[in-house]
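Notes follow once the structure below has been shown.
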Amino acid sequence: MGIFRRGLTKTRQSFFGRISQMFGNTEITDETWDDVEATLIQADLGVETTQTVMEYLREATREEGITRTNQLQQVLREALLQLVEKPRELNISGRELSIILIVGVNGSGKTTSIAKLANRLNRAGRKVILAAGDTFRAAAIEQLQTWGNRIGVPVIANKPGADPGAVAYDGIQAAKSRGCDVLIIDTAGRLHTNYNLMQELAKIKSVISKAVPGAPHEVLLVLDGTTGQNALKQGQKFTEATEVTGLIITKLDGTAKGGMIFSVFNDLNVPVQFIGLGEGVDDLVYFDPVNFVDGLLNEGDN
Ligand SMILES: Nc1nc2c(ncn2[C@@H]2O[C@H](COP(=O)(O)OP(=O)(O)OP(=O)(O)O)[C@@H](O)[C@H]2O)c(=O)[nH]1
Ligand SMILES: [Mg+2]
């Protein structure tokens, strides 16, 4: 089974799989539409995105003269594919040093995603270095160092409580002196509602852009997919406070609410670049719309 199907098993089995079963072969009735709508809401598409899908379904079935439920899955697949987009290439090539800043609330999966991303890039032949900018907790620094050792990527760190801007600066100097071409910077995620956290992110960004004009080249916001529509609210706060260039949605393997991805596209004007489908180092994948939608639908092992 592919990683998408394996990782999305929970969402597929609880909701989208039920839709497939619901689509036996009967006449489409008002009740069919009610069932489809309720299932989409439960999969956490959110009210607005669910309405978008329902309108598409009703219109497409009317236009194509579809009256039987066994033809609905194909139309639903089209409707869902309309909502999502293929990610762009990360803007981390064509210069001496590219800098990725990773932001997101506490526990969303930042440090783990950094390790996974670093490992990907490292294996693709990039020279990667990490900076432990989450100086809020000693354990956060150690966690990044442990990952760094495991994947063979150097980690620049300072003491707990150190200024994260200074750590970012040290990371840049180390990257330059060691000839690294990608620097990924971890940040603290506490207190996302707090003005101070956003101020701190702004300070880190300003240190980075002074040291390397045009940097950071990517600001990736990590959202915990298991928190469904709440992740979206966080996303809105971050995108209002700081420029976010892409999203990483984590832990989609651990939830039946994977439908939140569709409302992320609908509500946040930022592309989903990667999704996390497990805790292993290989479980961060480029978001692939077709594999994602097919991982949620389809019969077989429902
Ligand atoms: N199942 C699963 N677990 C994940 C995924 N991504 C991260 N995790 C787990 O989520 C937990 C939190 O991840 P961290 O990377 O420490 O999160 P963080 O955002 O750095 O957290 P703080 O440093 O406390 O702000 C860890 O136990 C990870 O293993 C994923 O895609 N799937
Ligand atoms: Mg962390």
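Just follow the structure's listing: the first ligand is 1, and inside any ligand the first atom is 1.
- Taking a cut-off of under 4.0 Å to the non-hydrogen atoms of Asp134, the atoms of ligand 1 that pass are 23 (O).
- Considering only non-hydrogen atoms, atom 26 (C) of ligand 1 lies nearest to Thr112 out of Thr112, Leu277, Asn106.
- A donor-acceptor contact shorter than 3.5 Å is absent between the side chain of Thr49 and the backbone of Gly46.
- Protein heavy atom in closest approach to atom 17 (O) of ligand 1: Gly109 N, 3.0 Å.
- Below 4.0 Å from some heavy atom of Lys116 lie the following atoms of ligand 1, by number and element: 5 (C), 6 (N), 30 (C), 31 (O).
- Using a 30° and 60° split on the angle between ring planes, Tyr286 and Phe274 fall in the tilted class, from 30° to 60°.
- Checked by atom type, the side-chain pair Ser263/Gln229 shows a donor-acceptor distance below 3.5 Å.
- Among all protein heavy atoms, the one lying closest to atom 21 (O) of ligand 1 is Gly107 N, 2.9 Å.
- The local environment of CG in Asp34 is crowded, with over 12 non-hydrogen atoms from other residues, nucleotides or ligands closer than 6.0 Å.
- The line from CZ of Phe262 to CG of Asp267 is 13.5 Å long, rounded to the nearest 0.5 Å.
- Proximity of Leu252 to ligand 1 is not established, as no heavy-atom distance is less than 4.0 Å.
- Among all non-hydrogen protein atoms, the one lying nearest atom 29 (O) of ligand 1 is Glu279 OE2, 2.6 Å.
- Applying the 6.0 Å contact sphere to NZ of Lys10 captures no more than 12 heavy atoms from other residues, nucleotides or ligands.
- Among all non-hydrogen protein atoms, the one lying nearest atom 18 (P) of ligand 1 is Lys110 N, 3.4 Å.
- For ligand 1, the atoms sitting less than 4.0 Å from at least one non-hydrogen atom of Gly278 are 2 (C), 5 (C), 30 (C), 31 (O), 32 (N), numbered in the order shown with element in parentheses.
- In this structure, Asn25 places its CG atom where more than 12 heavy-atom neighbours from other residues, nucleotides or ligands lie under 6.0 Å away.
- When hydrogens are left out, the protein atom nearest atom 32 (N) of ligand 1 is Asp253 OD1, 2.8 Å; that is the closest non-hydrogen contact.
- Among all protein heavy atoms, the one lying closest to atom 23 (O) of ligand 1 is Arg137 NH2, 3.1 Å.
- The closest approach between any non-hydrogen atom of Gly104 and ligand 1 is not below 4.0 Å.
- Close contacts between ligand 1 and Val105 involve ligand atoms 19 (O) [criterion: under 4.0 Å to a heavy atom].
- Arg126 contributes a side-chain N or O that, together with a main-chain N or O of Ile92, makes up a donor-acceptor pair within less than 3.5 Å.
- For atom 10 (O) of ligand 1, the closest non-hydrogen atom of the protein is Lys251 CE, 3.3 Å.
- The ring pair (Phe, Tyr, Trp, His ring centres under 6.0 Å) search around Tyr169 returns none, not counting sequence neighbours.
- Using a 4.0 Å cut-off between charged nitrogen and carboxylate oxygen, Asp294 and Arg5 do not count as a salt-bridge pair.
- With respect to Asp224 and Lys251, a salt bridge is recorded, a charged nitrogen being found less than 4.0 Å from a carboxylate O.
- Two residues are said to be in side-chain contact when any heavy atoms from C-beta on lie closer than 4.5 Å; Lys116 and Asp282 fail this criterion.
- Within the 4.0 Å heavy-atom criterion, neither part of Ala140 lies near ligand 1.
- The closest donor-acceptor contact from the side chain of Thr239 to the backbone of Val244 lies at 3.5 Å or more, if one exists at all.
- Within a 6.0 Å sphere centred on CD of Glu85, heavy atoms belonging to other residues, nucleotides or ligands number 12 at most.
- With waters neither drawn nor counted, the protein N/O/S atoms under 2.8 Å from the Mg ion (ligand 2) amount to 1.
- Protein heavy atom in closest approach to atom 16 (O) of ligand 1: Gln143 NE2, 3.0 Å.
- Set against the non-hydrogen atoms of Gly276, the atoms of ligand 1 under 4.0 Å away are 31 (O).
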